[in-house]
Amino acid sequence: MSRRVGNLPGSESVTSFVGRRAMVGEIRGLLGSARLVTLVGTGGMGKTRLAVRVAESAHRAFADGVWIVELAELRDPTLTDHAIIDALGVPDRSAESSRDVLVEHVRDKSLLLVLDNCEHLIDACGEVIAAVLRAAPGVRVLATSREALHVLGEHIVPVPPLSFSGHGDPLQHEAIQLFAERAAAAVPGFTLDADNREAVARLCARLEGMPLAIELAAVQLQAMGVDEILDRLEDRFQALPTVLRGAPARQQTLRAAVEWSYALCSPAEQTAWARLSVLPGGFDLATALAVIGRDSLTTQEATDAITGLVSKSVLSRSARSSRYHVLETIRQFGRELLRGSDAEVEVSRRHLHHFADLAARARHDWSGPRQPEWAAMERREQVNFREALRFGFDTDADRPATVRMAVDLRHLWVMGAGREGREWVDRALAELHDDTPLRAEALWVAGWVRQVQGDPIGSAAILTECIAVAERLGEQLTRARAEQFLGVNELLGGHLDEADALLSGAQSTYRSLGVADSESLIGLAAHGWLRLIEGEDREAERIAEQCRRLSREVGESWAATWALWVLGLIGWTRSDEILASAALREAIEIKRELGDWLGIPCCVEVLIWVLAESGRHRRAARLVGANQELWLPIGLPMFGFADYLQAHERCTATLREALGDTRFDAEQTAGTHMSPEATVDYALGTPQQTRTADSSPLTRREGQVARLVADGLTNREIAEQLIISPRTAEAHVENILSKLGYTSRTKIAAYLRADPDLAD
């Protein structure tokens, strides 16, 4: 079985796909000749589900996977490129533009990009799609939108209603089949029979074959019969003929279905529906209750209302994560209800205060045993933090709380969202005109964010300003923070004496103040690194172990990973493979749990050097390619530190000499196609990853072709299956035969039968 690459939801996470099977084949075929296909239709027509189904059926045609980018939550067009980068799993910390990072990442990839819900970002989506298609000939784009994107070469596919009328077996009509299946899920034992068949057919006709309206209707069988639903729906349609004047009839029908569902809710449920619409992403019960408030509903009433909304399929709840989700169409309807009401500003203010409080708690409790929980929370709630910051900065609701939140989210910014964090922290600084402790704090956070982005000049300037402000205010801790990060900048620039003075001074201040937290401990690890660079490996080891000990005492794990990284470097310099490998693997495991995609490539880089020196050349070569992709959005390996850039080049030369150009290039190229998560698995030596990658000389695309050859397909059939030209398919087969040393296609089948995983 082939291993899927990408981020499509598994089949177990979505309801079954009903209807449109012919369309799936047509759209997939169209993707063979068209670089951009846009599924166009009104909301609730099933565009997203159709796009996902097409993508699932076509995944084998794309060596670098199928990636879905959900844009419904995104409100700022300027973050469109960032959203795509994030969905692709590319850590985004480079000082370069998001467009440059994206284009560079996909330039040589063979992948399908599914952009879902583009209608509110038409211009931004059109621009980024055009740029990607120009730069990356192996990329196809499948978009869903309520209107065309108007990009050169776009093929538009209207998404019509499901079929709901005609003669013959009712279950042959897609709308009726959908209703029957969803009704059976809502009411166990429901079947389409002679008694209800005609009423179901009329109901689907009244709903004009719209999937969302049909699904909403099916759920109501929990409370009433089909005839009763039909009667209420007919009355509701008569009451809503002018809701959207001039809009297409199908759009009116969707709105009627949503308003009808709203009318079936209790007053408390209606209030909760409207107020929860300020949440652009998933949310937990505590967040929901905070946003709903207690001004009109008690906590118990609000909890009951949320339960009622789940039972009516207005909200869905994930049993695994205990989080609630709402369809974007449903949320937009709620926003319309809330907009202009007396409660609108107050509800958004409650949302702001709730997430400002979460950010403050995470910052205060970060350097302790709950660190992994806080890190996961910040990543999970990033969309909600963004919405709260946007509201806070765009209104006068509570500017101080907004500024405080932007600064408090420092760990989210430096571990996974550098570009976005820089924007929000800079907006916070723009609000802070006087020298205050908060402004001084914001300055060193801004300097830190610039540092991890690979902007040492900008970082140094703002950190220097922070030191001056801290001196005027007498803020010793703030000055130590700024000195520490300025010292790291000096270290990276090779100014070791200056770095030593700054890092030593910061550590002295921390000791005098009794401070032992993530930032101070990271500074201690950096001091150990400095000692190693100066050739004092024993002192470096002592400092690294001290950092680990102090980290354990406070329950901190993030800073400890940087101490482990230093120990890995020490092991490498001593040719102590056991010390180096153990330290680096432990660091990578913890960093993955924390989501530290800045630290992971640092550790993988040193691990590559260790593997190369121990003779595991193929494994090291593949990691060279994989880590190259992780470094891409950050900058040069090891942030451009000259000594380690030279070590990287020496290692690459050693691997090329040991493997030969052809084999090295093949392994390195294979590595560039690995996802960040796959890279971590491979670096850690996950058994399946190790067996698959180490034992096969084939690239991912060649593995796909090999499987089809083993299935007996001709070159032309392979070309049709993978949506490539027959000539390209023939070239892949020739490369496979050459790499395996075979002259017969039948031997390829025997090769795969010996170990099917070898072609993954």
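Residue numbers start at 1 and run along the sequence shown.
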Tell me whether E70 at atom CD has more than 12 heavy atoms from other residues, nucleotides or ligands lying less than 6.0 Å away.
no
Yes or no on salt bridge (Lys or Arg N to Asp or Glu O under 4.0 Å) for R380 and E373, after CA distance, side-chain angles and deciding distance?
CA-CA 10 Å; R380 185 174 60 245; E373 298 175 37; over 6 Å; no
Taking the side chain as C-beta and beyond, is there a heavy-atom pair between S322 and D284 under 4.5 Å?
no
Partner set under side-chain contact (heavy atoms from CB on, under 4.5 Å) for A148, not counting sequence neighbours
H150, E154, I156
Locate the shortest heavy-atom distance separating R335 from V278; write the atom from each residue and the value.
NH1-CG1, 3.0 Å
Donor-acceptor check, side chain of H155 to backbone of S33, threshold 3.5 angstrom: yes or no?
no
How would you list, by chain and number, every residue that makes a side-chain hydrogen bond (donor to acceptor under 3.5 Å, both in side chains) with E73, sequence neighbours excluded?
none
What one should report as the nearest heavy-atom pair of A683 and I588 is CB-CD1, 4.4 Å
Give, for atom CG of L102 and atom CZ of R107, the distance between the pair rounded to the nearest 0.5 Å.
10.5 Å
Please report the shortest heavy-atom distance between V106 and A136, naming the atom on each side.
O-CB, 3.2 Å
Sequence neighbours excluded, which residues qualify as side-chain contact (heavy atoms from CB on, under 4.5 Å) partners of N117?
T48, A72, E119
Residues two or more places apart in sequence or in another chain: which of them pass side-chain hydrogen bond (donor to acceptor under 3.5 Å, both in side chains) with D123?
none
Using the side chain to side chain contact (heavy atoms under 4.5 Å, CB included) rule, take L121 and L115 through it: C-alpha gap first, then chi angles, then the decisive distance, then the call.
CA-CA 11 Å; L121 304 165; L115 300 185; over 6 Å; no
Checking S57 side chain against V54 main chain: does a donor-acceptor pair fall under 3.5 Å?
yes
Across all chains, not counting sequence neighbours, the ring pair (Phe, Tyr, Trp, His ring centres under 6.0 Å) partners of Y324 are F283
Could you tell me if the side chain of E667 sits less than 4.5 Å from the side chain of R619, heavy atoms only?
no
Residues forming a ring pair (Phe, Tyr, Trp, His ring centres under 6.0 Å) with W67, sequence neighbours excluded:
none
As a quick check of understanding, evaluate salt bridge (Lys or Arg N to Asp or Glu O under 4.0 Å) for D596 and K591, giving each step before the final call.
CA-CA 5 Å; D596 180 12; K591 286 180 179 293; 2.8 Å; yes
Please tell me if the side chains of R331 and H325 come closer than 4.5 Å, counting only heavy atoms from C-beta onward.
no
Look only at the side chain of E378 and the backbone of L412, and say whether a donor-acceptor pair between them is shorter than 3.5 Å.
yes
Take R49 and E215, measure what salt bridge (Lys or Arg N to Asp or Glu O under 4.0 Å) needs, and give me the verdict at the end.
CA-CA 13 Å; R49 189 165 293 175; E215 294 194 9; 3.1 Å; yes
Could R140 and F62 be counted as a cation-pi pair, given that NZ or CZ must be under 6.0 Å from the ring centre and within 45° of the axis?
no
Is there a side chain to side chain contact (heavy atoms under 4.5 Å, CB included) between R419 and W413 once you walk through the steps?
CA-CA 8 Å; R419 183 174 290 103; W413 307 144; over 6 Å; no
Among residues at least two apart in sequence or on other chains, which ones pass side-chain hydrogen bond (donor to acceptor under 3.5 Å, both in side chains) with R323?
E381
Using the test side-chain contact (heavy atoms from CB on, under 4.5 Å), find all partners of D81 that sit at least two apart in sequence or belong to another chain.
S98, R99, V128
What heavy-atom pair brings T80 and C125 nearest, and what distance separates the two atoms?
CG2-SG, 4.2 Å
Can you tell if the side chain of V24 reaches within under 4.5 Å of the side chain of L50, non-hydrogen atoms only?
yes
With distance as the sole test, does N7 use its side chain to make a donor-acceptor pair with the main-chain N or O of I68 at under 3.5 Å?
yes
In sequence, state the C-alpha distance, the side-chain angles, and the governing distance for R20 and E174, and then conclude on salt bridge (Lys or Arg N to Asp or Glu O under 4.0 Å).
CA-CA 8 Å; R20 306 199 196 281; E174 297 169 333; 5.2 Å; no
Verify, without hydrogens or angle tests, whether H120 (side chain) and L71 (backbone) share a donor-acceptor contact under 3.5 angstrom.
yes
Check whether any side-chain heavy atom of W631 lies under 4.5 Å from a side-chain heavy atom of C602, and answer yes or no.
yes
I need the minimum non-hydrogen distance between D681 and R592, along with the two atoms involved.
OD1-NH1, 2.8 Å
So, applying side-chain contact (heavy atoms from CB on, under 4.5 Å) with P676, which one of I600, V90, L88, L630 is it?
L630
D76: side-chain hydrogen bond (donor to acceptor under 3.5 Å, both in side chains) partners, not counting sequence neighbours:
T78
Tell me every residue that passes ring pair (Phe, Tyr, Trp, His ring centres under 6.0 Å) with F333, counting only those two or more places apart in sequence or in another chain.
Y262, W273
Indicate yes or no for a side-chain donor-acceptor contact from S145 to the backbone of E147 under 3.5 Å, with no hydrogens or angles considered.
yes
Does the side chain of M415 come within less than 4.5 Å of R379's, by heavy atoms?
no
Between H673 and A670 (side chain of the first, backbone of the second, donor and acceptor by atom type, cut-off under 3.5 Å), is there such a pair?
no
Which residues satisfy the side-chain contact (heavy atoms from CB on, under 4.5 Å) test with L133, sequence neighbours excluded?
R35, L36, I129, V141
Taking C-beta and beyond as the side chain, do P211 and M45 meet within less than 4.5 Å on heavy atoms?
yes
Residues passing the salt bridge (charged side-chain N to carboxylate O under 4.0 Å, His left out) test with R75, sequence neighbours excluded, are E387
Show the numbers, then the answer: is there a side chain to side chain contact (heavy atoms under 4.5 Å, CB included) between L178 and R182?
CA-CA 6 Å; L178 176 63; R182 299 297 188 263; 3.6 Å; yes
Minimal non-hydrogen separation, I214 against A175, with atom names
CD1-CB, 3.6 Å
Flag side-chain contact, heavy atom, 4.5 Å: E104 against L632:
yes
